[in-house]
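Given the structure is predicted, the values throughout are model-derived calculations rather than measurements.
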Amino acid sequence: MRWGGTRGIWMLLLFLFVGALLGGLLGEVLDSVSLAGIMPYLVKRYVLLNVEDIRLNLFILDFHFGVLFAPNLLSAIGILLAAWLFRRW
């Protein structure tokens, strides 16, 4: 039996990714607007994972790889909202 009913795990991951993306985009847009109160906490980025640039030189090819996962609070709210919508849909 698949988790999440007939929709499956890939649809859940798609919902969560789109929720995080839209929440992050909303956070970036609202970051340019100067609003007081709780807004600075909603748009501040929190670094959760930072893998610095790893370089692999193969003499013919030169690879650079790095990962930075720094969501803002609106991204987390977007993920929670997407999970709720997935369960309701």
Side-chain angles (χ1 to χ4, degrees):
M1 183 171 160
R2 293 193 316 191
W3 185 76
T6 60
R7 295 180 298 264
I9 192 74
W10 294 109
M11 187 61 96
L12 174 64
L13 291 176
L14 179 66
F15 262 73
L16 295 179
F17 180 74
V18 169
L21 190 65
L22 291 177
L25 182 65
L26 182 64
E28 290 297 318
V29 168
L30 291 178
D31 191 26
S32 63
V33 178
S34 61
L35 298 174
I38 197 168
M39 192 57 65
Y41 299 107
L42 291 176
V43 298
K44 181 182 176 198
R45 301 178 98 201
Y46 299 96
V47 176
L48 299 178
L49 175 68
N50 188 10
V51 176
E52 294 294 328
D53 193 27
I54 298 171
R55 183 175 182 208
L56 178 64
N57 187 359
L58 299 175
F59 301 108
I60 301 173
L61 297 171
D62 194 14
F63 292 105
H64 294 268
F65 178 74
V67 176
L68 174 65
F69 181 63
N72 56 24
L73 200 53
L74 285 174
S75 292
I77 292 170
I79 290 172
L80 293 175
L81 183 63
W84 181 76
L85 286 174
F86 182 78
R87 299 284 295 176
R88 301 279 294 172
W89 178 53

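Nearest heavy-atom pair across Gly19 and Ala82 is CA-CB, 3.9 Å. The shortest heavy-atom contact between Asp31 and Val43 is OD1-CG2, 3.6 Å. The shortest non-hydrogen separation linking Leu58 to Phe63 is CD1-CE1, 3.7 Å. Residues Glu28 and Asn72 approach most closely at N-ND2, 4.4 Å, considering heavy atoms. Closest approach of Asn50 to Val47, counting heavy atoms only: CB-CG1, 3.9 Å. Across every non-hydrogen atom of Ala20 and Ser75, the tightest pair is O-OG, 3.5 Å.
At a threshold of 4.5 Å between non-hydrogen side-chain atoms, the residues Phe65 and Val67 count as touching. A heavy-atom distance below 4.5 Å is not found between the side chains of Leu56 and Asp62. At a threshold of 4.5 Å between non-hydrogen side-chain atoms, the residues Met11 and Phe86 count as touching. Side-chain contact between Ile54 and His64: absent, with no pair of heavy atoms (C-beta onward) separated by less than 4.5 Å. Here the side chains of Leu42 and Leu30 are not in contact, with every heavy-atom distance at 4.5 Å or above.
Leu13 and Leu49 fall into different hydrophobic clusters, where Ile, Leu, Val, Met, Phe, Trp and Tyr side chains are chained together by heavy-atom contacts under 4.5 Å. Val18 and Ile79 fall within a single hydrophobic cluster, where Ile, Leu, Val, Met, Phe, Trp and Tyr side chains are chained together by heavy-atom contacts under 4.5 Å. Following chains of ILVMFWY side-chain contacts shorter than 4.5 Å, one cannot reach Tyr46 starting from Leu68, and the two form parts of different hydrophobic clusters.
Atom CG in Leu22 sits 8.5 Å away from atom CG in Leu26 (nearest 0.5 Å). Remark: Leu85 CG to Leu16 CG distance equals 10.5 Å, nearest 0.5 Å. The distance from the CG atom of Leu12 to the CZ atom of Arg87 is 9.0 Å, given to the nearest 0.5 Å.
Counting heavy atoms of neighbouring residues, nucleotides and ligands inside a 6.0 Å radius, atom CZ of Phe17 does not exceed 12 of them.
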